[in-house]
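Right, one structure below, let's go through it.
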Amino acid sequence: QVQLVESGGGLVQAGGSLRLSCAASGSIRRINAIGWYRQAPGKQRELVARRNSSGNTNYADSVKGRFTISRDNAKTTEYLQMNSLKPEDTAVYYCNAEGIRTTAEKFITGAWGQGTQVTVSS
């Protein structure tokens, strides 16, 4: 089994910063890509930032220059550093792992975390 657990959400004033964490656990040999998504009330889930195993990253236009996706040296936790937050960034943020190869050489298409709430007040 593969589990993703997000943390780091909370309430922050506009202009502030938060760092979200996504901890992956389980019998993981390789993950092709990790993405951060968000879903605001009444809206569809959207991609915020994504990083593949080659280190290539892409960001939604709305967060470019403000958010940064990164990984720790142990390669078990993915981060989303969010700066200059705006009220429109308010959403539940989810971590997604794409293309998971387990140590038993099984392939899992993807996995989602449970989400963490980010609320930005004006």
Side-chain angles (χ1 to χ4, degrees):
Q1 291 290 342
V2 174
Q3 287 190 322
L4 301 176
V5 178
E6 302 98 333
S7 61
L11 173 64
V12 64
Q13 289 188 333
S17 298
L18 284 174
R19 189 177 77 160
L20 305 184
S21 300
C22 172
S25 63
S27 303
I28 301 170
R29 180 183 298 279
R30 174 187 171 89
I31 297 175
N32 287 345
I34 292 281
W36 284 97
Y37 292 74
R38 67 186 181 188
Q39 188 166 19
K43 295 186 176 181
Q44 290 188 334
R45 191 172 297 189
E46 62 176 357
L47 177 66
V48 176
R50 180 180 179 274
R51 186 187 56 75
N52 66 19
S53 58
S54 298
N56 298 315
T57 59
N58 59 287
Y59 296 89
D61 288 342
S62 59
V63 307
K64 283 180 181 177
R66 301 188 297 123
F67 291 12
T68 303
I69 187 171
S70 63
R71 183 171 60 183
D72 73 356
N73 291 334
K75 300 184 179 181
T76 60
T77 301
E78 199 81 11
Y79 300 103
L80 184 68
Q81 178 67 43
M82 307 186 295
N83 298 328
S84 302
L85 283 161
K86 305 175 181 180
E88 51 263 44
D89 294 319
T90 295
V92 178
Y93 283 71
Y94 298 89
C95 178
N96 173 259
E98 303 173 23
I100 304 166
R101 178 71 64 183
T102 71
T103 54
E105 293 302 323
K106 292 183 179 180
F107 184 79
I108 301 172
T109 303
W112 290 92
Q114 83 289 349
T116 185
Q117 176 71 48
V118 171
T119 303
V120 184
S121 63
S122 57

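When a residue number appears, it is its place in the shown sequence, counting from 1.
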Point to revise | Pair Asp89 + Lys86, salt bridge at N-O below 4.0 Å | key: no
What donor-acceptor contacts under 3.5 angstrom involve side-chain atoms of residues 13-20, with partners at least two apart or in another chain?
| residue | atom | partner | partner atom | Å |
| --- | --- | --- | --- | --- |
| Ser17 | OG | Asn83 | OD1 | 2.9 |

Review point. What distance separates Cys22 SG from Arg71 CZ, expressed to the nearest 0.5 Å?
Key: 12.0 Å
Revision key, fill the gap. Note: Cys95 and Leu4 closest approach over all heavy atoms is O-CD1, 3.8 Å
**Study point:** Co-members of the apolar cluster containing Ile100 [side chain, <4.5 Å]
**Key:** Val2, Ile28, Ile31, Ile34, Ile108
Review point. Is there a path from Tyr94 to Ile69 through hydrophobic residues (I, L, V, M, F, W, Y) whose side chains come within less than 4.5 Å of each other?
Key: no
**Study point:** Donor-acceptor contact present, side-chain Thr57 to main-chain Arg51, <3.5 Å
**Key:** no
Exercise for review: Without swapping roles, check the side chain of Thr102 against the backbone of Ala104 for a donor-acceptor pair under 3.5 Å.
Suggested key: yes
Check your understanding: If you look only at pairs with a residue in residues 19-63, which of them pass as a ring-ring contact (aromatic ring centres under 6.0 Å, His included), with sequence neighbours excluded?
Key -> Tyr37-Trp112
Exercise for review: Work out which heavy atom in Leu85 is nearest to a heavy atom in Arg66; give both atom names and the distance.
Suggested key: CA-NH1, 3.8 Å
Point to revise | Gln39 side, atom CD; Glu46 side, atom CD - distance, nearest 0.5 Å | key: 9.5 Å
Practice item. Go through the steps for Asn96 and Leu47 under the test side chain to side chain contact (heavy atoms under 4.5 Å, CB included), then give the verdict. Key: CA-CA 10 Å; Asn96 173 259; Leu47 177 66; over 6 Å; no
Point to revise | side chain to side chain contact (heavy atoms under 4.5 Å, CB included) between Glu6 and Tyr93, intermediate numbers included | key: CA-CA 8 Å; Glu6 302 98 333; Tyr93 283 71; over 6 Å; no
Review point. Which heavy atom in Thr77 sits nearest to a heavy atom in Ser21, and how many Å separate them?
Key: CG2-CB, 4.1 Å
Exercise for review: Would you please test Glu105 and Arg29 for side chain to side chain contact (heavy atoms under 4.5 Å, CB included) and show each step?
Suggested key: CA-CA 8 Å; Glu105 293 302 323; Arg29 180 183 298 279; 2.8 Å; yes
Review point. Does CD belonging to Gln3 count more than 12 external heavy atoms closer than 6.0 Å?
Key: no
Check your understanding: Side chains of Asn52 and Arg50: is there a donor and an acceptor less than 3.5 Å apart?
Key -> no
Revision key, fill the gap. What one should report as the nearest heavy-atom pair of Ala91 and Gln117 is O-NE2, 3.4 Å
Check your understanding: Does Leu80 share a hydrophobic cluster with Val12, counting links as ILVMFWY side-chain heavy atoms below 4.5 Å and allowing steps through other members?
Key -> yes
